[in-house]
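Heads up: the structure comes next, in structure tokens.
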Amino acid sequence: WEEVELLGMSRSVTQQLSDAATRAQVTFSVEGEPVTVPGVRQIVEEILYNLCDNAVAYNKPGGSVTVRVEREPEGARVSVQDTGVGIPPDQQGRIFERFYRVDKSHTGSGTGLGLSIVKHGASFLGAAVELHSEVGKGSTFTIHFKS
């Protein structure tokens with residue numbers, strides 16, 4: 001365990017995914033303030049990477065992904081908001097299952113493990129995952145970290 005600075009890590013993750021975003025014609029923005037939380041750097045990075053990777057993969061040409069880092073009374077939150085396809089309400093309860101994919105026809109090379117990794121990584125860190133999604137308008141995943 002160590003102190004992990006979320007804004008810098010968010011910028012690093014979006015930089016790692018910049019080529020994929022360019023190919024998908026999706027733009028990234030990172031907003032907020034530097035906030036440090038206790039965590040395991042590799043797990044926090046994997047959570048952010050999987051959320052941002054999905055936000056690009058399930059977006060549309062000309063779409064965007066906004067990563068926002070904010071303080072909360074008991075820690076911090078990072079939200080990843082996209083303008084993509086969204087997740088139907090009847091499937092939102094299953095998206096964190098291993099190998100589950102909402103869009104079976106999606107041509108990406110994913111395994112269906114990304115959101116399971118997010119859920120289990122957050123659980124290990126004592127963080128909570130929240131989802132808000134509307135079909136055709138996009139999704140926002142928020143991770144609430146404790147300080």
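All figures in this text were calculated on a predicted structure; none of them were measured in a lab.
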Practice problem: Keeping the roles fixed (side chain from Arg71, backbone from Pro34), state whether a donor-acceptor pair exists under 3.5 Å. | Solution: yes
Quiz item: Any side-chain heavy atom of Thr14 within less than 4.5 Å of one from Val65?
Solution: no
Quiz item: Take atom CD in Gln42; do more than 12 heavy atoms of anything else shown fall under 6.0 Å from it?
Solution: no
Exercise. Please examine the side chains of Val44 and Leu6, heavy atoms only from C-beta on, and report whether any two atoms are closer than 4.5 Å.
Key: yes
Quiz item: Between atom OG of Ser18 and atom CZ of Phe28, what is the distance when rounded to the nearest 0.5 Å?
Solution: 8.0 Å
Practice problem: Decide whether Asn59 and Thr83 meet the rule of one side-chain donor and one side-chain acceptor closer than 3.5 Å. | Solution: yes
Practice problem: Could you tell me whether Glu74 atom CD has more than 12 heavy atoms of other residues or ligands within 6.0 Å of it? | Solution: no
Quiz item: Are the side chain of Gln92 and the backbone N or O of Ile87 linked by a donor-acceptor pair below 3.5 Å?
Solution: yes
Practice problem: Taking all heavy atoms of Val56 and all of Ala24, pick out the closest pair and write down the distance. | Solution: CG1-CB, 3.9 Å
Quiz item: What closest approach, in Å, do Phe96 and Leu115 show between heavy atoms, and which atom pair accounts for it?
Solution: CD2-O, 3.3 Å
Exercise. Please assess Leu7 against Glu5 for the test side chain to side chain contact (heavy atoms under 4.5 Å, CB included), listing each intermediate value before the final yes or no.
Key: CA-CA 6 Å; Leu7 185 64; Glu5 200 281 296; 3.3 Å; yes
Quiz item: Taking only residues two or more places apart in sequence or in another chain, which ones pass side-chain hydrogen bond (donor to acceptor under 3.5 Å, both in side chains) with Ser133?
Solution: Ser139
Practice problem: Begin from the C-alpha positions of Asn54 and Val80 and carry the test side chain to side chain contact (heavy atoms under 4.5 Å, CB included) through to its verdict. | Solution: CA-CA 10 Å; Asn54 276 358; Val80 178; over 6 Å; no
Quiz item: Within a strict 4.5 Å, meaning less than it, do heavy atoms of the Ile95 and Leu131 side chains meet?
Solution: yes
Exercise. Locate the shortest heavy-atom distance separating Arg11 from Val30; write the atom from each residue and the value.
Key: CG-CG1, 3.8 Å
Quiz item: Is there a side-chain contact between Asn50 and Leu48, using heavy atoms and a 4.5 Å cut-off?
Solution: no
Quiz item: Is the number of heavy atoms from other residues, nucleotides or ligands within 6.0 Å of CD (Gln15) greater than 12?
Solution: no
Practice problem: Under the side chain to side chain contact (heavy atoms under 4.5 Å, CB included) rule, what do Phe141 and Glu130 come out as? Steps first, then yes or no, please. | Solution: CA-CA 6 Å; Phe141 287 85; Glu130 180 184 320; over 6 Å; no
Self-check item: Sidechain-backbone polar pair: Ser123 side chain, Lys119 backbone, donor-acceptor under 3.5 Å
Solution: no
Quiz item: Taking side chain as C-beta onward, heavy atoms only, is Val35 less than 4.5 Å from Glu70?
Solution: no
Practice problem: Taking all heavy atoms of Pro89 and all of Val135, pick out the closest pair and write down the distance. | Solution: CD-CG2, 4.5 Å
Quiz item: Do Cys52 and Val67 touch side chain to side chain, with heavy atoms closer than 4.5 Å?
Solution: yes
Quiz prompt | Taking every non-hydrogen atom, the tightest pair across Ile47 and Gly121 | solution = CD1-C, 3.7 Å
Quiz item: Less than 4.5 Å apart, any side-chain heavy atom of Ile117 and any of Glu46?
Solution: yes
Exercise. Please state whether the rings of Phe124 and Trp1 are parallel, tilted or perpendicular, taking 30° and 60° as the class boundaries.
Key: parallel
Exercise. Could you pull out the closest heavy-atom pair between Val37 and Ala76, with the gap in Å?
Key: CG1-CB, 3.9 Å
Quiz item: Does Glu72 have any side-chain hydrogen bond (donor to acceptor under 3.5 Å, both in side chains) partners at least two apart in sequence or in another chain, and if so, which?
Solution: Arg77, His144
Quiz item: Heavy-atom distance under 4.5 Å between the side chains of Phe145 and Leu125, does that happen here?
Solution: yes
